[in-house]
> 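Handing you this structure, nothing more for now.
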Amino acid sequence: MVSTMTADAELYRRTLNRAHEHALVWLESMLDRPIPPRRDADQLAAAFAAPLPEKPTDPAAVIDELAELAEPGLMAMPSGRFFGWVIGGTHPAALGADWLVSAWDQNSGMRAATPAVAAAEEAAGGWLLELLALPSGSDVGFVTGATMANFTGLAAARHHVLAAHGWDVNRQGLVGAPSIKVLVGQERHVTIDLVLRYLGLGQPIEVAADDQGRLRADALAEALAAAGDGPVIVCAQAGNLHSGAFDPFAEIVRLAHDRGDAAPAWVHVDGAFGLWAGASPRLRHLVAGYEGADSWATDAHKTLNVPYDCGVVIVADPAPLRATFGAQTSYLISAGEGAPADPYDKTPELSRRARGIPVWAVLRSLGREGVADLIDRLARTASTIAAGMRAIDGAEVLNDVDFTQISVAFGSDERTRRVIDAVLADGTTWMSGSRWQDRAILRVSVSNFSTDAGDIEQSLAAVRRAVTAAG
Ligand SMILES: *Cc1c(COP(=O)(O)O)cnc(C)c1O
């Protein structure tokens, strides 16, 4: 008789071999598949929503069925010709590591329980601080994405600025607390507003931006003066969604930290994709002064090209972060006084996957030069695409293309929309529509490590066809 273990091992082998095969077929289809899905969610709903089965099915057969059902509804986001939103592909080292993360199935909150994960994530965190030239004593936490990284950084901010005004938010809550003024650039990402909601901080105060969407330092100085001497948080941005532009961090930090007799304001940087400019010697000037901020949020699943979900929060002073998220309770094993923090001390979650491991793997594979080269290549590709767009009759690139984002208009809003529709219908490339500077635009976001010269040429040719079709 075969033992259960042997039977289980055989079942895993059969099932994972099927998954491996389907994964390779999918990745190889990136070479020539149209980018958009062929069916929408409503069309697919019926296929997935067969009656809930009464009886078990062989797991390997389920994987085959899943791959077949999903195939027509998959968007080719890992393609080098995908330029929508800010997405990024998957580096092979990161994907391989991510598979192991699922197989290892480590609940990664505690150093003592999952030492390999803790050690790899601590190493990855250290490498990130080194690459980005951020303060070496900072805490690094791995969260689901930049939304949660913004949440985590701003939660530490909330704790700190209230403590500086004699208020312990952990004990006293928010009711009756000194009112926190949160100053944000006019063109901050929508997730900043979202996380301020989660944090009970309400609507922020908008500070004017310049023509590239950068927060204006003179307007910030006025807003800080108007804020009085109560608790203040300033949110800056590294990488504007439409222009790729960077806020003037050195001035922001100076103004926020030096408020005369009032306590310094906390400066948080949302650098979901733009923080990575700091890892390139050629582009580091774009983030000059950002190291003086108090907290930073970024994504690994965008510019660093690891699979979803992986965001990173960095906080210079670990104390308010650990005060906010640290859990002390008898059934957990905590490291104790003076020992390194447990992962759960630095992020909102207790149980989570080992999402820092793919970051370790991709940094281990690329090295310092490889990361710099990745960032430089994305920016170079953006400037090549911008030049190709400018050469199209009637096309107007609206932003200074210093980083990875391009906003293009094709005359009237109506004509631009016709071009966008024609680009998407063509299917060779994917570029999403948006609105910026009160105009309809085609947005090109260069975020995929695999985009090569052929992808650029095919995508520009598709845009030229779309322009002709739009009339
Ligand atoms: C994508 C993005 C976010 C949100 O990140 P998620 O990973 O989607 O949670 C926040 N800010 C900026 C600037 C972004 O580009």
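Not measured: the values here are computed from a predicted model. As the structure lists them, so they are numbered: ligands from 1, and atoms in each ligand from 1.
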> Give the numbers and elements of all ligand 1 atoms closer than 4.0 Å to a heavy atom of Phe273.
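Checking each atom against Phe273, I get 15 (O).
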> I'd like to know if Glu291 and Arg284 make a salt bridge, using a cut-off of under 4.0 Å between side-chain N and carboxylate O.
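Answer for the salt bridge query: no.
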> At what distance is the nearest protein heavy atom to atom 6 (P) of ligand 1, and which residue and atom is it?
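In this structure, atom 6 (P) of ligand 1 has Ala146 N, 3.5 Å as its nearest protein heavy atom.
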> Considering only protein heavy atoms, which is closest to atom 9 (O) of ligand 1, and at what distance to one decimal place?
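For atom 9 (O) of ligand 1, the nearest protein heavy atom is Thr147 OG1, 2.5 Å.
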> For the aromatic rings, using the six-membered ring if either is Trp, is the centroid distance between Tyr290 and Phe246 under 6.0 Å?
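No - the distance between ring centres of Tyr290 and Phe246 does not fall below the 6.0 Å cut-off.
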> Using a strict threshold of under 4.0 Å (side-chain N to carboxylate O), is an ion pair present between Arg322 and Asp139?
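Salt bridge flag = yes for Arg322 with Asp139.
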> Between Arg352 and Glu121, does any NZ, NE, NH1 or NH2 come within less than 4.0 Å of an OD or OE carboxylate oxygen?
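Answer for the salt bridge query: yes.
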> Between ligand 1 and His301, can you find any atom pair, the residue atom being a heavy atom, that is separated by under 4.0 Å?
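Within the 4.0 Å threshold, so yes.
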> As a check for students: among Asp299, Asn150, Ile87, identify the option with a heavy atom nearest to atom 7 (O) of ligand 1.
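Nearest heavy atom to atom 7 (O) of ligand 1 lies in Asp299.
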> In the protein, which heavy atom is nearest to atom 15 (O) of ligand 1, and how far is it?
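Heavy-atom neighbour on the protein nearest atom 15 (O) of ligand 1: Lys302 NZ, 2.9 Å.
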> Identify whether the distance between the nearest side-chain nitrogen and carboxylate oxygen of Arg81 and Asp455 falls below 4.0 Å.
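Yes, this pair counts.
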> Identify, by atom number and element, the atoms of ligand 1 in contact range of Ala272, meaning under 4.0 Å from any of its heavy atoms.
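Result: 2 (C), 3 (C), 10 (C), 11 (N), 12 (C), 13 (C), 14 (C), 15 (O).
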> Using a strict 4.0 Å cut-off to heavy atoms of Leu241, name the atoms of ligand 1 that fall inside it.
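What qualifies from ligand 1 is 15 (O).
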> Specify whether Trp99 and His20 have parallel, tilted or perpendicular ring planes, treating 30° as the upper limit for parallel and 60° as the lower limit for perpendicular.
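Judged by the thresholds at 30° and 60°, the geometry between Trp99 and His20 is perpendicular.
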> In terms of residue, atom name and distance, what is the protein heavy atom nearest to atom 11 (N) of ligand 1?
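The closest heavy atom on the protein side is Asp270 OD2, 2.8 Å.
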> So, Asp309 versus His301: side-chain donor-acceptor pair below 3.5 Å or not?
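His301 and Asp309 do not have a side-chain donor-acceptor pair below 3.5 Å.
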> Considering only heavy atoms of Gly145, which atoms of ligand 1 have at least one such atom less than 4.0 Å away?
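With Gly145 as reference, the close atoms of ligand 1 come out as 7 (O), 9 (O).
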